[in-house]
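The figures here come from the full heavy-atom set of this structure, side chains too, leaving out hydrogens, waters and symmetry mates. Note that this is a predicted model, so its numbers are computed, not measured. Ligands are counted one by one from 1 in listed order, and the atoms in each one are counted from 1 as well.
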Amino acid sequence: MKDGPPGLRGNLTNYGDSGFALFLRKAFIKGSGYTDDALDRTVVGIVDTGSGFNPCHGNMPQLIEAVKRGVMLAGGLPVEFPTISVHEAFSQPTSMFLRNLMSMDTEEMIRALPVDAVVLIGGCDKTVPAQLMGAASAGKPAIQLVTGSMLTGSHRGVRVGACTDCRAFWGRYRAEEVDDEEITEVNGRLVGSVGTCSVAGTASTMACVAEALGVSLPGSATPPAVTADRTRFAEMTGTRAVEMAHEGLTVDRILTRGAFENALRVLLALGGSTNGLVHLAAVAGRLGYSLDLDRFDAMSRETPVLVDLKPAGDHYMEDLHRAGGVPRLLQELRDLLNTDELTVTGRTLGEELDRAAAPFPQEVIRARTAPVYPAGGIAVLRGNLAPNGAIIKQAAADPGLMEHQGRAVVFEDSEDLARRIDDEDLDVTPEDVLVLRGIGPIGAPGMPEAGYIPIPRKLARRGVKDMVRVSDGRMSGTAAGTIVLHVSPESAAGGPLALVRDGDTIRLSVEERLIHLDVTEDELAARAQEAPRAEAAPRPGRGYRKLYVDNVNQAEYGCDFDFLRSETDRGAVPGAPTGPGAGGGGAHV
Ligand code: FES
């Protein structure tokens with residue numbers, strides 16, 4: 001049980017008279033029709049992130065009802081409460097900008113309310129990270145429930161799903177391979193139901209990563225939003241939350257270094273979203289761990305992509321569920337995992353894998369001997385263009401471009417990109433390297449998913465499908481291409497990306513883990529004197545935007561606010577290698 005009195009007697013409003021505070025609280029809540037018996041029970045808070053602006057959470061009422069049923073079956077009192085809700089397509093300037101606000105809302109409401117345990121219901125990309133960050137800081141027993149993926153749709157006989165196919169169709173529309181009528185028609189086919197994106201985007205990635213962390217029930221990551229499986233998991237989650245409260249199973253006992261290592265493995269084996277790395281760094285930071293990019297890269301070299309999901313593969317989340325979901329993937333990775341880590345069930349990961357269903361023939365989760373991609377989905381790059389690191393989703397890149405040298409074509413920010421990318425007079429060839437700066441955590445602000453720079457229209461019309469692209473921004477997990485992301489430090493923080501000029505030569509070598517600007521140090525120093533970009537950018541003067549820009553840290557720290565990280569330093573994750581399955585050594589960023 002959490003510190004202090006349990007249930008409704010806990011977390012009293014401070015009037016200077018605790019007896020009166022409890023008397024007043026019970027008087028008010030009895031106005032909602034509760035009896036003293038109900039108010040004496042273990043209280044499970046249910047975080048409601050339903051919103052008319054969040055179709056990814058469109059099944060929230062059904063899930064809350066099922067969680068409540070599960071809580072009451074275990075003798076507890078369920079009480080739901082709202083926090084803000086963040087949907088990718090309804091978040092100006094970006095959902096990432098709002099993630100930290102949602103995490104603060106989540107943390108402070110868990111702290112403020114008299115809940116003995118909490119069920120976090122999230123789904124859309126930034127919501128699960130925000131909830132895990134907040135719950136990690138609040139420190140009470142917490143269990144994650146995801147809303148589940150949407151169903152796929154069908155367009156002219158072809159199966160489609162958000163949002164890899166959204167991007168594919170839009171790319172074909174830009175290349176004038178698809179006309180106005182068809183792009184309007186497919187717009188109504190891409191999202192088959194409520195629920196989260198149906199490919200290995202950030203939502204699916206974080207659902208699987210949460211299960212690997214041990215913070216959600218085994219098997220609960222993959223059932224689609226509108227299935228009976230999803231609702232049953234909601235009921236079981238509610239029941240388990242009551243038991244966790246009685247056991248005092250706080251979230252810090254689950255979110256350990258070993259659990260984060262397991263989650264990073266699954267991120268790699270899934271071919272998951274690059275955003276997953278940023279979010280895991282942020283959640284880990286709330287517990288005092290710092291992401292070691294070089295050890296993560298060493299882990300990547302020995303962890304093949306096993307899940308055949310779009311955008312790196314062919315299938316959708318509902319296929320992954322039918323193939324056995326995350327437990328089946330974890331069985332395949334078992335010798336690379338820390339199986340002694342505790343999960344929300346009260347059992348270790350190893351004990352859960354012993355209880356998992358026996359493998360059966362299927363095509364979505366490959367054996368280690370026949371991977372989708374021989375190494376992990378994400379590689380870490382360094383070089384004079386990214387002294388603190390950058391990443392590339394190598395599993396979704398063009399193999400022919402992974403060793404490439406080309407002439408830089410530079411865009412100052414998203415507005416400059418929008419203005420010029422389709423200009424028929426733009427001096428660009430397929431061999432060039434497209435550079436977009438000013439879209440980092442501070443620069444935009446909110447590190448938009450604009451790193452997926454569109455192929456210039458005049459090249460797209462010629463059939464060019466991919467080019468090397470470099471930015472300090474992010475990319476949706478649903479996108480693919482030879483795209484270098486999260487360049488750190490970002491240009492707005494004075495990173496070398498600010499100093500690149502049109503015509504400079506940039507070299508990418510994924511084999512050497514290198515992103516290099518072929519300009520001398522002296523020349524870069526001279527350019528830095530000429531164009532101090534960081535000071536040139538206007539800073540916001542008030543409100544959340546000021547809080548954000550003044551406090552957000554760089555991608556390798558998760559784009560969290562510095563003041564929200566744990567005050568205790570627990571060291572690096574992955575930890576130092578200790579055995580054949582451990583990651584290699586490397587600098588702690
Ligand atoms: Fe919500 Fe993709 S937009 S998960």
Asker: Excluding sequence neighbours, so at least two apart, what forms side chain to side chain donor-acceptor pair (under 3.5 Å) with E449?
Answerer: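 With neighbours one apart ignored, the set is N275, R474.
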
Asker: State plainly whether the residues R265 and E261 are in salt-bridge range, i.e. N to O under 4.0 Å.
Answerer: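 No, no charged N to carboxylate O under 4.0 Å.
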
Asker: Sequence neighbours excluded and cut-off under 3.5 Å, please list the side-chain donor-acceptor pairs for residues 188-201, or say none.
Answerer:
from : atom 1 : to   : atom 2 : distance (Å)
S193 : OG     : L151 : N      : 3.0
T196 : OG1    : G148 : O      : 3.1
S198 : OG     : A162 : O      : 3.2

Asker: Between atom OG1 of T237 and atom CG of L145, what is the distance when rounded to the nearest 0.5 Å?
Answerer: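 One gets 4.5 Å once the value is rounded to the nearest 0.5 Å.
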
Asker: Which of the protein's N, O or S atoms come within less than 2.8 Å of atom 1 (Fe) of ligand 1, not counting waters?
Answerer: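 Listed by chain and number: C56 SG, C124 SG.
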
Asker: Look at the side chain of D105 and the backbone N and O of L101, then say whether any donor-acceptor pair between them is shorter than 3.5 Å.
Answerer: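 Judged by distance alone, no pair lies under 3.5 Å.
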
Asker: Return the set of residues passing ring pair (Phe, Tyr, Trp, His ring centres under 6.0 Å) with F97 (not counting sequence neighbours), or none when no residue passes.
Answerer: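 Scan of F97 (ring pair (Phe, Tyr, Trp, His ring centres under 6.0 Å), adjacent residues dropped) gives Y544, Y548.
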
